[in-house]
Amino acid sequence: MNDAAPAPTPAPAPRRARVRAPELVGKGGWINTGGKDLKLADFRGRILILDFWTFCCINCLHVLDELRDLEEKHRDTLVIVGVHSPKFVHEAEHQAVVDAVERYEVHHPVLDDPELATWKQYAVRAWPTLVVIDPEGYIVAQHAGEGHANAIRTLVEELEAEHEAKGTLRRGDGPYVPPEPVATDLRFPGKAVLLASGNFLVSDTTRHQLVELAPDGETVVRRIGDGEFREPQGLTLLPDGKVVVADTVNHALRVFDPATGATERIAGTGKQWWQGSPTSGPALDVDLSSPWDVAWWQGRVWIAMAGVHQLWTYDPQTGTVEVAAGTTNEGLVDGPAAEAWFAQPSGLAATGDRLWIADSETSALRWIDTEGVVHTAVGTGLFDFGHRDGAAGQALLQHPLGVTALPDGSVAISDTYNHALRRFDPASGEVTTLATDLREPSDAVLVGDEIVVVESARHRLTRLRLPEEAVQVEAVAHRTRREATEIAPGRLRLDVVFQAPTGQKLDERYGPSTRLLVSSTPPGLLLGGEGTGTDLFRELDLDPEITEGVLHVSAMAASCDDDPANEYPACHVHQQDWGVPVKVTADGVARLPLILAGMDA
């Protein structure tokens with residue numbers, strides 16, 4: 001006889017309250033709806049994905065591409081709505097958002113939210129963030145960063161089945177209304193190069209082609225590309241007269257021969273590079289990530305690898321690629337190439353002893369020397385920008401995309417979001433303004449005593465005579481404005497919330513599958529807890545003397561399909577960087593949760 005008391009029946013896990021999605025509000029109004037204002041009620045019966053993005057952000061552009069197949073496959077049940085939440089002042093201009101929607105071929109409605117009203121309502125902390133809302137109007141998932149397309153696809157299929165059975169799924173056409181096409185010879189051109197013939201070769205980004213123009217910069221000689229390019233950007237001339245092209249969205253390099261008109265892929269597989277992938281080897285076997293510009297320097301093609309915040313090189317003699325500088329961490333850190341941090345390097349220009357870099361997200365002009373050391377000429381970090389001339393240490397740029405070497409050793413900066421052409425003189429250490437009233441200049445080419453500027457948002461090349469005197473511009477300084485999180489003094493618990501998607505588990509076969517990197521601005525904000533580790537949580541010790549700053553958090557998690565019968569399961573990398581403004585107050589929170597991937601219901 002067993003006298004032991006029966007085990008108590010475990011209590012059911014408490015069901016989390018369903019969270020109804022807040023209304024969509026944006027002072028800038030709606031784009032891609034034919035002029036109609038939309039409300040959440042208009043999406044009832046459909047699965048809704050909110051994509052919080054800003055057009056400066058390379059990770060946001062990656063997510064746009066990740067969602068295209070999902071959007072097409074489920075177009076009768078799923079609606080994607082972009083919520084544009086600006087980082088830079090220029091991105092709060094409505095016309096700039098309209099331009100970006102066309103430039104990046106966004107084929108769904110976009111809410112222009114310049115004051116981040118909807119961002120705040122949904123407690124978003126990072127670009128990009130995806131929020132999934134079910135057909136009844138409840139939030140069911142939130143994902144920050146890239147790499148979630150497979151998880152969201154699985155969730156969409158589950159929601160389709162669930163709500164089809166309940167009778168709450170409504171099929172039909174979505175609210176997307178495409179804009180009227182505009183006839184221009186170029187459409188959002190990216191970069192340009194001067195050919196030996198005196199003609200210009202221009203990357204016609206939105207039309208996925210190269211365009212050769214006569215020396216007048218207007219007459220079309222020929223178009224190159226019939227499906228092989230996707231949003232090409234950078235161009236550089238090789239010693240043999242051929243041109244290397246940064247085929248950005250194809251994550252590849254191609255070479256174009258002006259003599260024959262032929263193009264050939266020389267680097268990249270067509271797949272995007274992820275953490276853990278090879279960083280060197282035969283060029284056609286190694287993945288790349290959004291190469292934005294290229295330059296010929298020291299016998300190699302240097303690549304501004306915007307997608308992973310690094311510089312890579314391609315050696316045409318050996319047919320190999322390798323990382324040359326940068327850690328993949330996003331920020332502004334100088335020093336030896338292997339330790340430096342970049343933030344979307346987007347423009348390159350070579351001189352004898354320097355490779356100049358337009359580091360767009362830090363609004364910085366930087367350079368690497370022949371010894372492999374990275375330096376900053378202009379710029380202070382991810383959150384400070386503006387239009388201010390003078391000594392380089394206090395000068396400000398706003399998201400520059402191009403840099404051009406000038407004969408006197410100075411460089412011209414395509415200061416894109418300031419709509420200006422700027423100049424930095426290493427001899428004097430001064431920054432001046434050469435021209436204003438341009439429209440999103442993204443590159444410039446020197447032709448004699450003139451400079452030809454790629455005015456991307458005016459869809460043209462603009463010829464300017466290099467001025468003898470600088471343009472006088474009233475100084476303006478900005479800092480990215482996001483509501484600071486109030487935190488308690490002393491110790492802060494940081495938790496990165498990650499839940500492996502349905503049917504997947506963390507990949508522990510070869511060791512830890514997660515990584516967490518924490519730092520701060522100013523560096524003294526953290527007395528302890530900075531650095532890299534494998535746990536997705538961290539205890540942070542705060543300096544009581546510093547009451548405001550930014551926590552920089554980078555997280556990565558790898559999950560694989562949970563199928564014991566499959567010897568080679570498909571694996572997926574989820575990653576995101578956060579810059580969280582914080583303010584220390586007596587009644588602030590002692591825990592900071594950041595959602596990498598999590599279910600809310």
Side-chain angles (χ1 to χ4, degrees), residues 15-53 60 63-85 101 105-113 117-124 128-144 148-179 499 501-503 595 597-601:
R15 182 174 177 82
R16 295 180 65 181
R18 300 177 75 192
V19 178
R20 186 166 288 282
E23 189 55 83
L24 304 177
V25 180
K27 190 174 181 180
W30 288 86
I31 303 166
N32 280 354
T33 64
K36 181 180 178 181
D37 289 337
L38 300 176
K39 300 293 184 183
L40 268 178
D42 296 319
F43 305 104
R44 191 61 52 84
R46 311 295 291 274
I47 301 162
L48 177 63
I49 297 176
L50 302 182
D51 176 15
F52 289 86
W53 70 298
C60 299
V63 167
L64 283 175
D65 290 324
E66 287 179 2
L67 294 176
R68 294 190 198 279
D69 288 343
L70 182 73
E71 189 171 26
E72 178 60 32
K73 182 177 179 181
H74 298 275
R75 61 171 51 256
D76 66 331
T77 60
L78 169 69
V79 177
I80 297 175
V81 168
V83 182
H84 189 270
S85 311
V101 167
E105 298 185 292
V106 179
H107 294 163
H108 50 249
V110 173
L111 175 63
D112 181 9
D113 183 18
T118 296
W119 166 287
K120 295 173 186 174
Q121 285 281 85
Y122 281 81
V124 173
T129 292
L130 299 171
V131 176
V132 183
I133 301 171
D134 73 13
E136 295 178 286
Y138 292 96
I139 296 174
V140 293
Q142 181 170 324
H143 301 269
H148 304 295
N150 187 67
I152 291 176
R153 175 187 58 77
T154 301
L155 177 58
V156 167
E157 291 171 354
E158 291 174 350
L159 290 172
E160 281 181 342
E162 175 188 345
H163 289 273
E164 188 89 83
K166 291 173 64 176
T168 50
L169 185 70
R170 175 171 59 88
R171 296 180 181 270
D173 294 333
Y176 169 65
V177 178
Q499 179 175 318
T502 302
I595 297 176
M599 306 295 290
D600 289 322

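Worth knowing before you read on, the calculation uses all heavy atoms, side chains too, and leaves out hydrogens, waters and symmetry mates. For reference, positions follow the sequence shown, starting with 1.
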**Request:** Carefully, step by step, assess Leu48 and Val132 under the rule side-chain contact (heavy atoms from CB on, under 4.5 Å).
**Result:** CA-CA 6 Å; Leu48 177 63; Val132 183; over 6 Å; no
Distance col, row Glu162:CD vs Asp134:CG, nearest 0.5 angstrom, shows 7.0 Å
Would you check if Asn32 and Pro178 make a side-chain contact, meaning some heavy-atom pair closer than 4.5 Å? no
Closest heavy-atom pair, His107 versus Tyr176, reported as atoms and distance to 0.1 Å, is CD2-OH, 3.4 Å
Salt bridge check: are Arg20 and Glu136 linked by an N-O gap of less than 4.0 Å?
-> no
For Ala597 and His148, the nearest pair of non-hydrogen atoms, with its separation, is CB-CE1, 3.9 Å
Q. Does the side chain of Asp51 reach to within under 4.5 Å of the side chain of Val63, using non-hydrogen atoms?
A. yes
Examine the side chains of Tyr138 and Arg18 and answer whether a donor and an acceptor come within less than 3.5 Å of each other.
-> no
Should we say atom NZ of Lys166 is surrounded by more than 12 heavy atoms from elsewhere, each under 6.0 Å from it? yes
Nearest heavy-atom contact between Ala141 and Leu155 is CB-CD2, 3.6 Å
For this session: Begin with the C-alpha distance, continue with both residues' side-chain angles, and end with the deciding distance and a verdict on side-chain contact (heavy atoms from CB on, under 4.5 Å) for Ile152 and His143.
Result: CA-CA 9 Å; Ile152 291 176; His143 301 269; 4.0 Å; yes
Here the pair of heavy atoms bringing Val156 nearest to Ile47 is O-CD1, 3.6 Å
| message | Run the side-chain contact (heavy atoms from CB on, under 4.5 Å) test on Leu67 and Leu130 for me, step by step, so that the C-alpha distance in whole Å, both residues' side-chain angles and the decisive distance to 0.1 Å come before the verdict. | response | CA-CA 10 Å; Leu67 294 176; Leu130 299 171; 4.0 Å; yes
- Are the side chain of Thr168 and the backbone of Glu164 linked by a donor-acceptor contact shorter than 3.5 Å? no
Between Val25 and Thr118, the two heavy atoms sitting closest are O-OG1, 2.6 Å
When rounded to the nearest 0.5 Å, the distance separating CG of Leu40 from CD1 of Ile133 is 5.5 Å
Separation between CD (Glu66) and CG (Leu64), nearest 0.5 Å, reads 9.5 Å
* **Aromatic plane relationship, Phe52 with Tyr122 - under 30° parallel, 30 to 60° tilted, over 60° perpendicular** => tilted
Rounded to the nearest 0.5 angstrom, the CD-CD1 distance for Gln499 and Ile595 is 10.5 Å
*asked:* Using only atom types and a distance under 3.5 Å, with no angle test, would you say the side chain of Trp119 pairs donor to acceptor with the backbone of Ser85?
replied: no
Check: Asp112 side chain, Gly26 main-chain N or O, donor-acceptor pair, under 3.5 Å: no
### Message
Checking Ile49 against Leu78 for the side-chain contact (heavy atoms from CB on, under 4.5 Å) test, could you report, in this order, the C-alpha distance in whole Å, the side-chain angles of both residues, the deciding distance, and whether it holds?
### Response
CA-CA 8 Å; Ile49 297 176; Leu78 169 69; 3.7 Å; yes
Here the side-chain hydrogen bond (donor to acceptor under 3.5 Å, both in side chains) pairs for residues 67-79, sequence neighbours left out, are Asp65-Arg68, Glu71-His108, Glu72-Arg75, His74-Glu160, Asp76-Arg171, Thr77-Glu160
d(Arg170 CZ, Arg44 CZ) to nearest 0.5 Å is 10.0 Å
Across all chains, not counting sequence neighbours, the side chain to side chain contact (heavy atoms under 4.5 Å, CB included) partners of Pro175 are Leu38, Phe43, Val79, Pro109
**Prompt:** Hey, does Lys27 have a side-chain heavy atom less than 4.5 Å from the side chain of Asp113?
**Reply:** no
Correct closest heavy-atom pair for Val177 and Gly34 would be CB-N, 3.5 Å
Between the NE2 atom in His84 and the CH2 atom in Trp53, the distance rounded to the nearest 0.5 Å is 5.0 Å
**Item:** Arg46 side-chain N/O to Pro135 backbone N/O, donor-acceptor pair under 3.5 Å
**Value:** no
Worksheet item: Would you say Val83 and Val110 make side-chain contact, with heavy atoms under 4.5 Å?
Response: no
